[in-house]
Amino acid sequence: MYRFIYILLILAIIVQADENDDKYVLGEGYKLGSLPMYIGGYLSTDYQHNTDTKEDVFRVNDIAFLSYGSHSNFSYMAEIEFKELYVKAWGDHSKEELNSRLYIERFYVDYTLDEEYIFRLGKYNSPVGYWNLTPINVLRETTSSPSTNYIIYPKYTSGLDLMYSYYNGYELNVDLLLQNNEDLDAAYNNFITDKHFGFGIEFTDNDFSLKLNGGDFHLKEKILEYEDVYYALLSFKYDTERFKIMGELGTQFCETKSTVPYSGYLQGVYRITEKHLPVIRFESHNSDITNKLSPNIEKDDVLIMGYTYRPMYPVALKAEYQVHSVRRENKAVFSFSVLF
């Protein structure tokens with residue numbers, strides 16, 4: 001019930017907001033009076049056409065409501081979301097679904113002790129790699145996400161994150177993840193876990209960043225008869241005014257076997273202008289697990305060629321074509337997303 005009350009409050013604020021009110025900026029949300037609080041959200045829709053099977057799928061994929069703000073040393077983020085609110089498919093697997101459940105995607109509080117230490121408590125995006133830190137479709141260069149983002153580590157952690165930063169001509173960031181409790185909303189995570197312990201160390205020098213993550217988590221639901229899982233991920237990013245190149249390579253294993261021998265991607269973006277961004281990505285994975293958010297393919301190599309057009313930064317129209325090495329998975333994907 002509290003989720004619906006939250007939505008009604010957001011809608012009432014939006015309806016009453018004057019279009020010329022300087023408190024509102026598209027993509028930044030609406031400032032609630034003199035309070036240190038912003039209300040906003042985002043919408044994402046997509047259309048997929050499988051060029052092999054001729055199947056088509058239209059989705060209202062994300063409708064999310066956000067609230068965030070800061071005061072003194074404290075800041076917070078709250079996000080609830082309809083996931084795949086509406087799905088319409090044509091072809092051999094025709095269907096029409098309406099999923100009205102609301103999920104808690106993020107809900108956390110930060111305390112900034114000083115320039116070096118930040119403490120985060122709640123449910124947050126696991127600070128593993130780079131891709132997982134950009135969960136909102138409109139802010140990414142492609143509609144689809146690489147499989148590495150789904151099959152190596154939990155996308156979300158419900159617990160404590162201890163962050164340390166050091167600056168001396170370069171930047172060094174360290175994360176320590178601590179979860180020993182139930183997920184705040186276990187239905188919204190790629191792995192159902194009640195324990196997650198991890199670390200991350202990142203080195204940044206001008207335009208180049210290198211990051212190493214590792215950890216282990218406990219599965220509440222067994223996958224192929226194992227419960228305790230370990231992972232490691234190496235990531236890099238080279239980001240200039242004109243180019244952005246990033247990649248991640250990870251592995252996952254348990255005590256008796258390698259569950260994901262490898263999963264990785266390499267992506268390049270060329271900024272013709274701020275509005276026009278062609279992108280190309282190659283990804284590959286070999287896995288003996290599947291979960292509710294990962295592709296149902298054990299081994300695959302994928303080439304993705306895409307283009308993003310931003311008439312303004314909080315609005316994105318994207319097109320991409322995926323070429324898969326196995327099965328009949330080649331597809332074209334088109335999406336529209338907006339951050340409001």
Side-chain angles (χ1 to χ4, degrees), residues 28-29 36-38 64 66-79 104-136 139-140 145 148-149 152-185 188-191 193-218 229-239 244 246-250 252:
E28 296 183 5
M37 179 183 295
Y38 288 82
L66 301 168
S67 177
Y68 68 95
S70 62
H71 177 70
S72 184
N73 290 35
F74 290 93
S75 61
Y76 80 96
M77 166 68 76
E79 178 180 352
I104 300 174
E105 182 167 355
R106 292 182 287 178
F107 191 88
Y108 62 81
V109 175
D110 284 352
Y111 177 73
T112 303
L113 181 64
D114 51 34
E115 293 183 354
E116 294 182 339
Y117 293 96
I118 300 176
F119 301 90
R120 175 169 294 175
L121 180 64
K123 182 171 184 176
Y124 52 88
N125 287 89
S126 302
V128 181
Y130 292 109
W131 194 280
N132 201 50
L133 298 179
T134 311
I136 300 176
L139 302 179
R140 301 195 304 260
S145 296
T148 306
N149 189 229
I152 297 290
Y153 53 86
K155 287 170 58 65
Y156 299 95
T157 300
S158 293
L160 183 65
D161 183 11
L162 308 178
M163 293 170 274
Y164 169 76
S165 299
Y166 174 77
Y167 305 91
N168 186 19
Y170 60 90
E171 183 177 348
L172 183 69
N173 295 302
V174 179
D175 278 279
L176 183 63
L177 315 181
L178 304 169
Q179 175 182 346
N180 191 23
N181 48 262
E182 300 285 338
D183 194 305
L184 193 60
D185 187 347
Y188 201 96
N189 210 344
N190 52 332
F191 293 105
T193 178
D194 55 4
K195 292 182 181 179
H196 182 199
F197 302 102
F199 74 92
I201 182 167
E202 178 187 21
F203 172 82
T204 301
D205 187 10
N206 295 318
D207 299 327
F208 180 77
S209 298
L210 184 66
K211 191 174 186 180
L212 175 65
N213 289 98
D216 70 276
F217 58 96
H218 177 264
V229 185
Y230 307 88
Y231 67 88
L233 188 79
L234 181 64
S235 315
F236 83 94
K237 180 172 62 174
Y238 179 68
D239 195 356
K244 181 180 180 182
M246 61 188 295
E248 299 181 0
L249 179 62
Q252 184 195 94

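Using modelled atom types, one side-chain atom of Glu248 and one backbone atom of Tyr130 make a donor-acceptor pair closer than 3.5 Å. The backbone N or O of Pro154 sits less than 3.5 Å from a side-chain atom of Ser126, completing a donor-acceptor pair. Looking at Lys123, its side chain never comes within 3.5 Å of a backbone N or O of Phe107 through a donor-acceptor pair. For Asn213 (side chain) and Pro127 (main-chain N/O), a donor-acceptor pair under 3.5 Å exists by modelled atom type. Checking side-chain atoms of Asn125 against main-chain N and O of Leu133 turns up no donor-acceptor pair under 3.5 Å. Of the possible donor and acceptor atoms, none in the side chain of Tyr188 sits under 3.5 Å from a partner among the backbone N and O of Arg106. With hydrogens and angles ignored, the 3.5 Å screen pairs no side-chain donor or acceptor of Asp239 with any backbone N or O of Asp207.
At least one side-chain heavy atom of Lys155 sits less than 4.5 Å from a side-chain heavy atom of Asn189. In this structure, the side chains of Val128 and Ile152 stay at 4.5 Å or more apart for every pair of heavy atoms.
For the atom pair CG (Asp175) and CG (Leu177), the distance works out to 6.0 Å, reported to the nearest 0.5 Å. Met77 CE to Arg120 CZ: the interatomic distance, rounded to the nearest 0.5 Å, is 8.5 Å.
Proximity of the aromatic rings of His196 and Tyr231 is defined here by a centroid distance below 6.0 angstrom, and this criterion is met.
Ser67 and Tyr76 share a donor-acceptor pair across their side chains, judged by distance under 3.5 Å alone. Remark: the Ser209 side chain and the Thr204 side chain contain an N/O donor-acceptor pair separated by less than 3.5 Å. Residues Tyr68 and Glu28 have side chains that never bring a donor and an acceptor to within less than 3.5 angstrom of each other. Side-chain atoms of Gln252 and Tyr230 include no donor-acceptor pair closer than 3.5 Å. Between the side chains of Trp131 and Ser145, at least one donor N or O sits under 3.5 Å from an acceptor N or O.
Of all the heavy atoms in Phe197 and Leu178, the pair that sits closest is CD2-CD2, 3.9 Å. Minimum heavy-atom separation, Thr148 to Tyr153: O-CE2, 3.8 Å. Residues Ser158 and Asp183 come closest through the heavy atom pair OG-OD1, 3.3 Å. Across every non-hydrogen atom of Asn149 and Asn190, the tightest pair is O-ND2, 4.2 Å.
Heavy-atom contacts from other residues, nucleotides or ligands closer than 6.0 Å to CZ of Phe199 number more than 12.
For the side-chain hydrogen bond (donor to acceptor under 3.5 Å, both in side chains) test with His218, the passing option among Asp194, Thr193, Asn180 is Asp194; the others fail.
The ring pair (Phe, Tyr, Trp, His ring centres under 6.0 Å) check on Phe119 picks up nothing, with sequence neighbours excluded. Annotation: ring pair (Phe, Tyr, Trp, His ring centres under 6.0 Å) contacts of Phe217 (sequence neighbours excluded): Phe191.
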Side-chain donor-acceptor distances from residues 163-172 under 3.5 Å, at least two apart:
residue: Ser165; atom: OG; partner: Asn173; partner atom: OD1; Å: 2.7
residue: Tyr166; atom: OH; partner: Asn168; partner atom: ND2; Å: 3.4
residue: Glu171; atom: OE2; partner: Asn173; partner atom: ND2; Å: 2.9

Review point. Step by step, would you call Tyr238 with Phe208 a ring-ring contact (aromatic ring centres under 6.0 Å, His included)?
Key: CA-CA 5 Å; Tyr238 179 68; Phe208 180 77; 7.1 Å; no

